[in-house]
Amino acid sequence: MTGPFRTPTGGRIDRTRPIAFTFDGRRYTGFQGDTLASALLAAGVKVVGRSFKYHRPRGLVSAGSDEPNALVTVIRDAGRTTPNLVANEVELREGLVAESQNRWPSLAFDVSAVNDLLSPIFVSGFYYKTFMWPKSFWSKVFEPVIRAAAGFGRAPTAADPDGYAQRFVHCDVLVAGGGPAGLAAALAAAESGARVILCDEGPEFGGSLLAEPAATIDSAPAAQWIAATLATLAAHPRVTLLTRTCAFGYYQDNFVALLERVTDHRAAPDPALPRECLWQVRAAQVVIAAGALERPLVFPDNDRPGVMLAGAARAWVNRWGVAAGARAVVYTASDSAYAAAHDLRSAGVEIVRILDLRPDGGPATAVARAAGLTVETGAGIDRVLGSTAVTGVVTARHRADGTTAAGETLACDLVLTSAGWTPSVHLFSQSRGRLRWDAARATFLPGTPHEAARSAGACNGTASLADCLDEGFAAGAAAARDAGHGAVAARRFAATGTAIDIGGFAGEAPHGGNRDRTRAFVDLQHDVTAKDIRLAVREGFRSIEHVKRYTTTGMATDQGKTSNINALAVAAAATGTSLPAVGLTTFRRPYTPVSFGAFAGASRGDLFDPVRRTPAHARATVAGAVFEDVGQWKRALCLPAPGESEGAAVAREVRSVRATVGLFDASTLGKIEVVGPDAATFLDRFYVNALAKLPVGRCRYVVATRDDGFVYDDGIVARLAPDRFHVTTTTGGAARVHALMEDFLQTEWPDLDVWATSITERWAVMAIQGPQARAVLAPLVEGLDLAPEAFPHMSVATCTVAGIPARLFRVSFTGELGFEVNVPADHGAALWDRLAARVAGHGGTLYGTEAMHVLRAEKGYVVVGQDTDGTLTPDDVGLGWAVGRAKADFVGKAGLARPDLAGPGRRQLVGLRVEDPEVVLVEGAQITADPAPPPGTHALGHVTSAYASPNLGRGIALAVVEDGRSRIGTIVHVPMPGGSIAATVVAPVFWDEEGRRLHA
Amino acid sequence: MILISCPWCGDRDQTEFAYGGDATVQRPAPDDADPTRWFDYVHTRDNPRGSHRELWFHAFGCRQWVEVTRDTATHAVAGAVLAGLRVGEGETP
């Protein structure tokens, strides 16, 4: 025995294998095959959680994933702590540690239960109505306190050490749901030879049959049929069977996401296994066999522990060998609950009375009476007695006019309710299938599908076991046929079992209580009552989507599986319309909660984004580089000597480049080789510059815009041959510039014979910059004269450098004499070694991106994306000279011709000079004319680049300022928290304005 | 998760593609002096409900721009052709 409520025999549990576990620190024992829920129920644990708002004690309601109350936290260790798990989905394993949620200090005594007494405050939208004053209290006091008091489990405190897998698969037929209809569908599809995936959220296939041992299929016990069917399916090599796998999301074009729980049920998981696996399935055809969900009746205090769904109690006794109580009152609007009454009575539970809301009961009524059960029709429950557990009910007789007459008090510890069954149309609706209203049975059913999908079984409104099997088999056969497989002979099943009542009663049941005061719960997880919904309607909310958001009904982690239809019916009654007129709220993915780990998969830590390293990365690391992320690239920010600060290193690197020479790894520059007879024509149209007549052996600094005329990227175009160009882009712009080239080549100018190939990764680039650059490089170069007149600024040539074939550019992003040596990437590290040694021999240094930035800012060279922001033209940033206005066409020509891009008021790039040389302005700081601007003052512009310049011995800044060039010599102000800083507008070039050093 | 039938590669997941905007917009002739036509080409886009011709760049595939006919209300993809060959609808390479 594992508890007072365990039946002596029966169930699918293994009574030879006891399992010890703890719940809220107390030790219990269950059996192999138990869920945490069934084991707690067997142990007599009635209260498993506290409710969201009122902290009312709550017990188990459902035996499935639709359970609204029994959310628990399962703890293996600090990182393996999972909150908000449904106790029914937690399989018992040795050493399981679970805790209840939303209570302090304990479930039995919860301080916040005082909320229940204050419930008049916590009405619909209470957070909009109360806590309004004083205003500052909301964010500082009210909200934190409310948040702490409300809510569910706590997030784990350590990083999740487990792995999560993702699989992408294709199949012919995906069957979502492994109950009778799903099994039959998979069987038919497998017989046709189709690739089939069958998944079910539970640990074993069988669905409702697992809770109905007396059912028979083709004259054999259902369990035998399941075993035989699974054996047949497992023998098909093209069938994949997935238990513990929920089809939680249905997306466009039959893309269905499945979550498989791989290790949570294992006591000692293999560390090589992922905890969960996200299956991303692209199915030719889908068969939805999701079953149906039983709906509770809504009546006063229907949330007391011990009030549960009849079908759940039946499942617990038949599948897990647990009698949920000793004395049960059954309150039903459907025949389904009678089956539970019979089965529980067989297990020794006293059925005190069956209260049937229907005036004359149903077909099962007479059968029950003949079996000796007491049935009262046209009757219900006025209220429930007891707080932490049901102690009894007060019955009510329903009159034809809707009023009730007081009945009697019945002592009981269990109340079974069933309003009827709701077909689970979640997946069908997620697939954008249109639902239809079945007026006869008052239920929504799958109508016209949007995807290649079929619904079969209870989710399609099919009630009897035989019909579900027949429909499932037919759906599986049809799906396989539509996926291109052969016909399967039709099959009919002979079966006996309980038919469920689709449809039934919806809304608040009649009772004698004050309907504005009594709390008849609709949404147990979010503590929404029928009167809350009526209040929302009274306050003017009509759309069900608004009522849902205002009351938060159906918005908890259970997505309102047990509550939505009741909520709609209450809203319909309050607005005086019908349920189909109110309409359904959207069924959202996921069907059940999915861990972030499953979505992230391997994309975390170092694998979150690809890391790109240059060929000389290891050399820079040895040299002490501090790296920064530039997009996916790791770039050396600076290379401090041992004991040197980063700031000191940058200053040293900047001085060294100006005084002697520096070596810089520029390999991350985007590089595109543009080749073909029309290459010159293409580049001439693509960039704003005139490039058609660029001579072979020459480079040009180029600016790209799109047709809007705003600066998009910049770089160098170098002509290697009449039909061959080596084009560089910014590091961050490489991919988008190449894509834009392809866009124009493929869509606008397909007549041009040009190939654009990304060669970024093919070439390593070492920049040698500084007065000694030629002296460093020349001895290594063969086949090229580096003399100024032979190889002037903006030249390009192929040659060998240090014995390596190279493309040598004479270009500069520092304002000094400079070269950029391109060699095949595999030789990058070797080239670095040779150049670094020679640079050191000339008293030079290695420098990083921060020094590069200071050097280029001293020269007023812009960085696209830092000094530009997508609203600046080439002229705005001082590059108007680059625009080949005489060209017949180029990308951006028409945009640049717009009058307002040339008129007054444009923000223009300028320099800022602050009197105090110690002051370095802050990038992004606003610029105003007024030193003490009142709020709302129009900003003239902002600081785009600001550095301490070691060469100038002062701070320098670049900025974009309205009509900036005409303001040169005037004072502007940079308001900062510590006071406004006055700055003089100056030309944006701080170093070697004549450019002599460049041409040395 | 739309399936796009790339004319080169066959049915591929939309995650392999980058959206490239309205394919019906035509760049005016270079000598077109009417600024409103250029303005419309650069800035004005319809947001139609229903069938729509649009450009997708097969960035993680053949790197071709393809012109896809997609229903914006249902996501149904009616077909795709290479953008450079958009002489008429339904043309394939």
Side-chain angles (χ1 to χ4, degrees), chain A residues 168 170 249-257 280-284 431-434 448 450-452 589 684-685 705-710 735-736 738-752 754-758 887-901, chain B residues 1-5 7-8 11-44 53-60 62-67 70-71 73-77 81-87 93:
Chain A
F168 296 83
H170 292 258
Y250 200 134
Y251 302 83
Q252 184 72 24
D253 288 340
N254 266 7
F255 184 87
V256 185
Q280 300 178 54
V281 181
R282 188 74 79 166
S431 79
R432 296 166 53 113
R434 205 174 282 270
T448 315
H450 175 74
E451 296 283 344
R589 316 159 181 116
D684 192 60
R685 289 190 202 168
T705 68
R706 287 185 293 183
D707 267 319
D708 56 14
F710 296 127
R736 64 169 185 262
H738 189 214
L740 190 66
M741 283 185 176
E742 289 292 350
D743 185 359
F744 275 94
L745 278 175
Q746 293 178 33
T747 69
E748 295 299 340
W749 309 315
D751 52 311
L752 293 184
V754 178
W755 294 92
T757 307
S758 169
K887 291 195 290 181
D889 185 20
F890 63 88
V891 181
K893 182 179 166 82
L896 287 172
R898 282 175 57 202
D900 45 337
L901 291 195
Chain B
M1 201 70 85
I2 306 172
L3 270 187
I4 294 173
S5 49
W8 290 119
D11 284 348
R12 293 303 181 99
D13 209 290
Q14 76 174 77
T15 53
E16 294 185 11
F17 294 81
Y19 185 67
D22 191 338
T24 64
V25 177
Q26 292 289 329
R27 194 167 185 262
D31 56 357
D32 192 328
D34 181 352
T36 59
R37 270 199 290 277
W38 278 100
F39 182 88
D40 284 346
Y41 158 66
V42 173
H43 296 287
T44 312
R53 287 162 56 206
E54 56 200 14
L55 292 167
W56 291 76
F57 180 51
H58 199 183
F60 296 104
C62 59
R63 304 192 61 78
Q64 295 298 300
W65 283 88
V66 293
E67 186 184 308
R70 181 181 66 103
D71 189 308
T74 66
H75 289 315
V77 173
V81 296
L82 281 186
L85 298 178
R86 58 173 184 193
V87 184

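Values below: every heavy atom of this structure, side chains too, minus hydrogens, waters and symmetry copies. Naming: A, B, ... by sequence-line order, numbering from 1 per chain. Just so it is clear, the model here is predicted, and its values are computed rather than measured.
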- [ ] Please flag which part of A:Arg685 lies under 4.5 Å from any non-hydrogen atom of chain B: side chain, backbone, both or neither.
- [x] neither
Task: Engaged part of B:Ala29 at the chain A interface, taking heavy atoms whose separation is under 4.5 Å - done: neither
Task: Region of A:Phe744 in contact with chain B, defined by heavy-atom distances below 4.5 Å - done: side chain
Open item on the list: So which atom in A:Asp708 and which in B:His43 form the shortest heavy-atom distance, rounded to 0.1 Å?
Closed with: CB-CE1, 4.4 Å
- [ ] Output yes when A:Asp889 and B:Arg27 qualify as a salt bridge under the 4.0 Å nitrogen-oxygen rule, no when they do not.
- [x] yes
TODO: State, to 0.1 Å, how close B:Pro30 and A:Ala888 come at their nearest heavy-atom pair, and which atoms those are.
DONE: CB-O, 3.9 Å
Task: Audit row: A:Asp707, B:Trp38, side chain to side chain contact (heavy atoms under 4.5 Å, CB included) steps and yes/no - done: CA-CA 9 Å; A:Asp707 267 319; B:Trp38 278 100; 4.1 Å; yes
Task: Segment of A:Phe168 engaging chain B (4.5 angstrom heavy-atom cut-off) - done: neither
Task: Between CH2 on residue B:Trp65 and CG on residue A:Asp743, distance to nearest 0.5 Å - done: 4.0 Å
TODO: State, to 0.1 Å, how close B:Leu3 and A:Asp253 come at their nearest heavy-atom pair, and which atoms those are.
DONE: N-OD2, 2.7 Å
Open item on the list: Let me confirm one number: the OG1-CZ distance from A:Thr757 to B:Arg63, rounded to the nearest 0.5 Å.
Closed with: 10.0 Å
Open item on the list: Take a 6.0 Å sphere around CZ of A:Arg589 and say whether it holds more than 12 heavy atoms from other residues, nucleotides or ligands.
Closed with: yes
- [ ] Measure the shortest side-chain to side-chain distance between A:Gln746 and B:Leu82 over non-hydrogen atoms and say whether it is less than 4.5 angstrom.
- [x] no
Open item on the list: Quick check: closest heavy atoms across B:Phe57 and A:Ala739, and the distance to 0.1 Å?
Closed with: CE2-CB, 3.7 Å
Task: Side-chain H-bond candidate by donor/acceptor type, A:Arg432 with B:His75, under 3.5 Å - done: no
Open item on the list: Is the shortest side-chain heavy-atom distance between A:Arg282 and B:Asp13 below 4.5 Å?
Closed with: yes
